[in-house]
Number of protein chains: 2
Amino acid sequence: MVTIKDVAKRAGVSVMTVSRVINGSKNVKESTREKVLKAIEELGYVPNSVARSLILKKTLTIGLVISDITNPFFTTIARGVEDTAISKHFTVILCNTDENPEKEMMYAEVLAKSKVDGVIYASASGKKTPLKSLFLKNIPIVLIDRTIEGVNDLDIVRGDSVLGAYLLTKHLIDLGHRRIGIIVGSHFISTARDRVEGYKKALNEANIPIDESLIKINKNSKFSKDDGYRLTKELLDLENPPTAIFGGNNLMAVGALLAIRERGLEIPDDISLVSFDDIESLSEVYPFLTVVKQPAYTMGVIATELLIRRIEDKDRIKEKREILLTPELIIRKSTAPPKRKI
Amino acid sequence: MVTIKDVAKRAGVSVMTVSRVINGSKNVKESTREKVLKAIEELGYVPNSVARSLILKKTLTIGLVISDITNPFFTTIARGVEDTAISKHFTVILCNTDENPEKEMMYAEVLAKSKVDGVIYASASGKKTPLKSLFLKNIPIVLIDRTIEGVNDLDIVRGDSVLGAYLLTKHLIDLGHRRIGIIVGSHFISTARDRVEGYKKALNEANIPIDESLIKINKNSKFSKDDGYRLTKELLDLENPPTAIFGGNNLMAVGALLAIRERGLEIPDDISLVSFDDIESLSEVYPFLTVVKQPAYTMGVIATELLIRRIEDKDRIKEKREILLTPELIIRKSTAPPKRKI
DNA sequence: CTGAAAGCGCTAACAC
DNA sequence: GTGTTAGCGCTTTCAG
């Protein structure tokens, strides 16, 4: 391995001068700079960021913890994060927890040990335990999408799930639905709770009594397609099944759709379906699902900007910032008035 | 920041003993170990991987360079890579080059400087220049999906694009099409060239003369939706337009679909459409597009396994390995016999 | 079983 | 403009 020493020797200067050239210091004679550059070129020297980080105590790296790399919602966030990070010369380490608290724990530790300068964090567990090692290292954290129980002092960027769920439910109610089923992921996750809250709010406002059997919020289920599929079947098996189903996120809605089709039911003729979060690659080609759409890319951008600001001047802004982004209702073809029971 | 020294002081032992405890060495008296563990706990000590990497000359990190994080094909690869890497205690740095050679260059340099232990690489430029800094550092590389001009000594895992394109084209020919347009990304990219090759092979076999005006392989265009859209319009504007269009990848096929619809044409009645690579989230809900599907997850897994094997015993296996995965033709609803010209 | 010394590749702080 | 010294947090000898 060729080090700064080798370059110095070859160029006939001290390592310090080489360091200056690498880091673009002004105080180097042009002829010296050229000598050094030539040596670097000849030797094929590449500076070692690890050594540099050890001294500087910064790695120019941020961790991005998301819960499902398969979900376009998170992928889009990742893109926003990455684009923004690059523009500020940061590299991002992507950590996919797969909605698995154990993986989440492991990744938090890896990031703490790796001495990333900061992390953007979508919790899979809803718990603060995994954050412990990050806190210990005093690593700046920006929460994204999901809040964490008992954590109130961290910046957070998220969509307004209560409002989004309210809009979706209200749309269904306006269409005439009164029995609306909702399926959401783990109740440990804030977005799951918020969406149920928005759902209830809309029902209450319309004086529709809340039927808990229509609310499928499972202890251990994830926000996955399979869960959506399974929970929808449970809903359809009810004695008095719903006339509309609210998918707690895009993946669950797809699962719901599959379950509904499997039963030979038509959407929206037999049953309506709405989804929290869009799937652009789907809707573009097949504009079918009525959804509430969150500005995922923007979320990634804002979270990264907040984080980097924290990294670069850790002390100045003390107060926590909460950015709430407004979702947008997009009405397509999966919703219609319920069949009138004659 | 609490370091190994602080722990040593607190536990009343030397740093070496702490190091032994951290790394699970056997040669530590049980009572000493407990003292050290207690000190670690009390101080909230987290080992510094940066310092460790500097000595060990390995980071337990691999870089994954992909060209489009928006494309489910690459996302699925990423998942395969990540799952495999984790299971071997490696962390992955995801680099999204966005099909942009400049970003590619930048990322290659970042990875070289970061001293990742290896990289999995889908080239955006098709050139070997960006790899230079990686080569200089002697970092093991496994190519994925795309070959690189003039690079013949690197392991590679890729799908058989020639075969896939051949199958897709043959399917169209079997249906009765004779004027088949093809749109692919930059001809600098091996998969673009291979797909055109497979296309030509099928035509030749059927004794259909090749009409270069039906082959849209642009110098600077990417494999993007917008390019698919634009190139399809060019195809439709031809004096004697094609009766079927071959989308060079999933994104281009979507662009093609949008362009076709915009012209008020019906698929497959007016024109057939096929795609290289599936979009699962789309096809699951709307099984419409006839595609050739590659085992993306498997590609990620295999590439990572190869890479880690290289990392862990750099010398033993000298010869390059090439893994060619077979794509699968999935016939759905976007293809039909051409309208007979009366 | 435990510790002291040396040093990984680099930069900060100060000389000259 | 350039070089010297010291040291980042850790592990590797090698003693004891």
Side-chain angles (χ1 to χ4, degrees), chain A residues 1-37 39-40 43-61 110 112-117 133 136-139, chain B residues 1-37 39-40 43-61 110 112-117 133 136-139:
Chain A
M1 144 163 300
V2 15
T3 74
I4 197 169
K5 262 188 187 160
D6 303 316
V7 177
K9 202 171 294 169
R10 175 124 188 175
V13 298
S14 74
V15 293
M16 206 42 230
T17 301
V18 178
S19 175
R20 288 194 181 96
V21 172
I22 295 167
N23 295 293
S25 161
K26 288 262 104 189
N27 303 329
V28 181
K29 215 201 303 173
E30 194 46 38
S31 62
T32 315
R33 177 188 312 282
E34 275 161 22
K35 265 195 308 192
V36 172
L37 256 16
I40 289 178
L43 259 25
Y45 168 69
V46 181
N48 183 334
S49 297
V50 174
R52 199 158 187 277
S53 298
L54 185 57
I55 304 173
L56 265 31
K57 293 178 185 326
K58 54 181 176 188
T59 51
L60 282 179
T61 295
V110 167
K113 286 201 257 191
S114 305
K115 292 194 59 57
V116 293
D117 294 336
S133 45
L136 286 173
K137 280 269 178 185
N138 245 307
I139 296 175
Chain B
M1 140 162 302
V2 14
T3 73
I4 197 170
K5 262 188 189 163
D6 303 316
V7 177
K9 203 172 294 167
R10 175 122 186 174
V13 298
S14 74
V15 292
M16 207 39 233
T17 302
V18 178
S19 175
R20 287 195 182 95
V21 171
I22 295 168
N23 295 294
S25 160
K26 289 260 104 190
N27 303 331
V28 182
K29 215 199 307 174
E30 194 46 39
S31 62
T32 316
R33 178 188 311 282
E34 273 160 23
K35 266 195 307 192
V36 172
L37 256 17
I40 289 178
L43 259 25
Y45 168 68
V46 180
N48 184 333
S49 299
V50 174
R52 199 156 187 278
S53 299
L54 184 57
I55 304 173
L56 266 29
K57 294 180 184 327
K58 55 182 172 187
T59 51
L60 281 180
T61 296
V110 167
K113 286 200 255 191
S114 305
K115 293 195 60 54
V116 293
D117 294 336
S133 44
L136 287 172
K137 281 270 177 186
N138 245 306
I139 296 175

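Only heavy atoms go into these numbers, but all of them, side chains included; no hydrogens, no water, no symmetry mates. The sequence lines fix the lettering, A, B, ..., with proteins before strands; numbering per chain opens at 1.
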Take atom CG of Asp6(B) and atom P of dC8(D), then tell me their distance rounded to the nearest Å. 11 Å

With sequence neighbours left out, the residues meeting side-chain hydrogen bond (donor to acceptor under 3.5 Å, both in side chains) with Ser114(A) are none

Got a sec, which pairs hit salt bridge (charged side-chain N to carboxylate O under 4.0 Å, His left out) with one end in residues 13-33 of chain B, sequence neighbours left out? Glu30(B)-Arg33(B)

Are OP1 or OP2 of dT2(C) and a side-chain N or O of Thr32(B) less than 4.0 angstrom apart? yes

With Lys5(A) via side chain to side chain contact (heavy atoms under 4.5 Å, CB included) - residues at least two apart: Thr3(A), Val15(A)

Rounded to whole angstroms, how far apart are CG on Leu54(B) and P on dC10(D)? 12 Å

Grab the NZ-P distance between Lys5(B) and dA4(C) for me, whole Å please. 12 Å

Please step through side-chain contact (heavy atoms from CB on, under 4.5 Å) for the pair Val13(B) and Val21(B), ending with a clear verdict. CA-CA 11 Å; Val13(B) 298; Val21(B) 171; over 6 Å; no

From CG of Leu60(A) over to C1' of dT11(C), roughly how many Å is that when rounded to an integer? 15 Å

To the nearest 0.5 Å, what is the distance between NZ on Lys35(B) and OG on Ser31(B)? 6.5 Å

I need the NZ-P distance between Lys115(A) and dC8(D), as an integer number of Å. 13 Å

Output the rounded distance in Å from CE (Met1(B)) to C1' (dG9(D)). 9 Å

For Arg52(A), what residues pass the side-chain hydrogen bond (donor to acceptor under 3.5 Å, both in side chains) criterion, not counting sequence neighbours? Asn23(A)

Taking only the side-chain heavy atoms of Thr17(B) (C-beta and beyond), determine which of dG3(C), dC10(D), dC8(D) contains the nearest atom. dG3(C)

Which pairs pass side-chain hydrogen bond (donor to acceptor under 3.5 Å, both in side chains) with one or both residues in residues 9-18 of chain B, sequence neighbours excluded? Arg10(B)-Glu42(B), Ser14(B)-Thr17(B)

Is Lys115(A) reaching over with its side chain to a backbone N or O of Val50(B), donor-acceptor style, under 3.5 angstrom? no

Check this one for me: any side-chain N or O of Ser14(B) less than 4.0 Å away from OP1 or OP2 of dG3(C)? yes

Look at the side chain of Asn48(B) and decide which nucleotide, out of dT2(C), dC10(D), dG9(C), has an atom nearest to it. dC10(D)

Side-chain N,O (Lys57(A)) to OP1/OP2 (dT11(C)) below 4.0 Å: no

Base versus backbone protein contacts along nucleotides 11-16 of chain D [heavy-atom cut-off under 4.0 Å; B, S, -]: SB----

Rounded to whole Å, OH of Tyr45(B) lies from C1' of dC10(D) at a distance of 7 Å

Using a 4.0 Å heavy-atom cut-off, does Val50(B) contact any base of the nucleic acid, only the sugar-phosphate backbone, or nothing at all? nothing

Helical bend (five base pairs per end, nearest 10°) for the helix from dC1(C)-dG16(D) to dC16(C)-dG1(D): 30°

Using the test side-chain hydrogen bond (donor to acceptor under 3.5 Å, both in side chains), find all partners of Thr61(A) that sit at least two apart in sequence or belong to another chain. none

Rounded to whole Å, please give me the gap between CD1 in Ile40(A) and C1' in dG9(C). 14 Å

